[in-house]
Amino acid sequence: MVRTTEFQEKVYHALRKVPAGKVITYGDLASVVGVASAQAIGGALKRNPYSPQVPCHRVVSSDGSIGGFMGCTEGEQIDRKTGLLRNEGIKVVDGKVKDFSRRRFIF
DNA sequence: ACCGTGACGGCGA
DNA sequence: TTCGCCGCCACGG
C-alpha cells in the first residue's frame, strides 16, 4: 500500500493526461497542479508508486534535458528513459529532447 | 555553455 | 507536531 499525498496525486493525475508522443516540463506540470516548485514535482515523480501508469518519463527539464528518472539524474535509468521517449516518437539526442515543439500540452 | 542563486514541497529527525 | 536539509528544477549572469 502506497501512501500518496494529495500533492502527489495531483501530479500523477496531471501527468496521466499527457498522451504518448508528448512531453511536459517540470515547471509546466507544476503550474498545472498549482504549485510554484518544479523541484517538488521531481520529488513526487521520484517517489512515483505507479510505473507505466504515470508516464514520469515524459517529464523533462525546461531546457530540454531529460532530467532524471527513478531517482537517478544519470546512468542507465536515464538511457532507459531516453529509449522510452524515442519509442513514443520523441527525438532525443545526447540526452536532450530535440522535438521540443510539442512539449507544451494544452490542458 | 556553465555556475550560482532562488523558491517550494517532501521527508526525516 | 515542528525545524531543518535535500531535491528528477528554473532562470539570470
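Within every chain, numbering begins at 1; the chains are lettered A, B, ... in the order of the sequence lines, protein sequences first and strands thereafter. All values below were derived from every heavy atom in this structure, side-chain atoms included, with hydrogens, water molecules and symmetry-related copies excluded.
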Quiz item: What is the nucleic acid contact for G71(A), judged by heavy atoms within less than 4.0 Å: base, sugar-phosphate only, or nothing?
Solution: base
Exercise. Measure from NZ on K46(A) to C1' on dG9(B) and round the result to the nearest Å.
Key: 13 Å
Self-check item: Contact under 4.0 Å: S37(A) side-chain N or O vs dG9(B) OP1/OP2
Solution: no
Self-check item: Exercise: identify the closest heavy-atom pair between K81(A) and I66(A)
Solution: NZ-O, 2.7 Å
Quiz item: Does a side-chain N or O from S61(A) land closer than 4.0 Å to OP1 or OP2 of dA10(C), or not?
Solution: yes
Quiz item: Between I24(A) and L15(A), does a side-chain contact (heavy atoms from CB on, under 4.5 Å) hold up when you go through it step by step?
Solution: CA-CA 8 Å; I24(A) 187 174; L15(A) 195 52; 4.2 Å; yes
Practice problem: Using a heavy-atom cut-off of under 4.0 Å over every strand shown, decide if Q8(A) touches base, sugar-phosphate, or nothing. | Solution: sugar-phosphate
Quiz prompt | Interatomic distance, K96(A) NZ vs dC9(C) P [rounded to whole Å] | solution = 11 Å
Quiz prompt | Interatomic distance where CD1 belongs to I41(A) and P belongs to dC6(C) [whole Å] | solution = 21 Å
Quiz item: Using a cut-off of less than 4.0 Å, is there contact between a side-chain N or O of S65(A) and OP1 or OP2 of dC9(C)?
Solution: no
Exercise. Would you please test F7(A) and I41(A) for side-chain contact (heavy atoms from CB on, under 4.5 Å) and show each step?
Key: CA-CA 9 Å; F7(A) 173 72; I41(A) 300 296; 4.1 Å; yes
Exercise. Could you check how far CD of E9(A) sits from C1' of dG9(B), rounded to whole Å?
Key: 16 Å
Self-check item: Residue E9(A) excluded, over 12 heavy atoms near CD under 6.0 Å
Solution: yes
Quiz prompt | Whole-Å distance separating the CD atom of E6(A) from the P atom of dG9(B) | solution = 13 Å
Self-check item: Value in whole Å for how far the P atom of dC9(C) lies from CG of D63(A)
Solution: 9 Å
Self-check item: Closest-nucleotide 5' rank along DNA chain B - winner of Q39(A) and F7(A)
Solution: Q39(A)
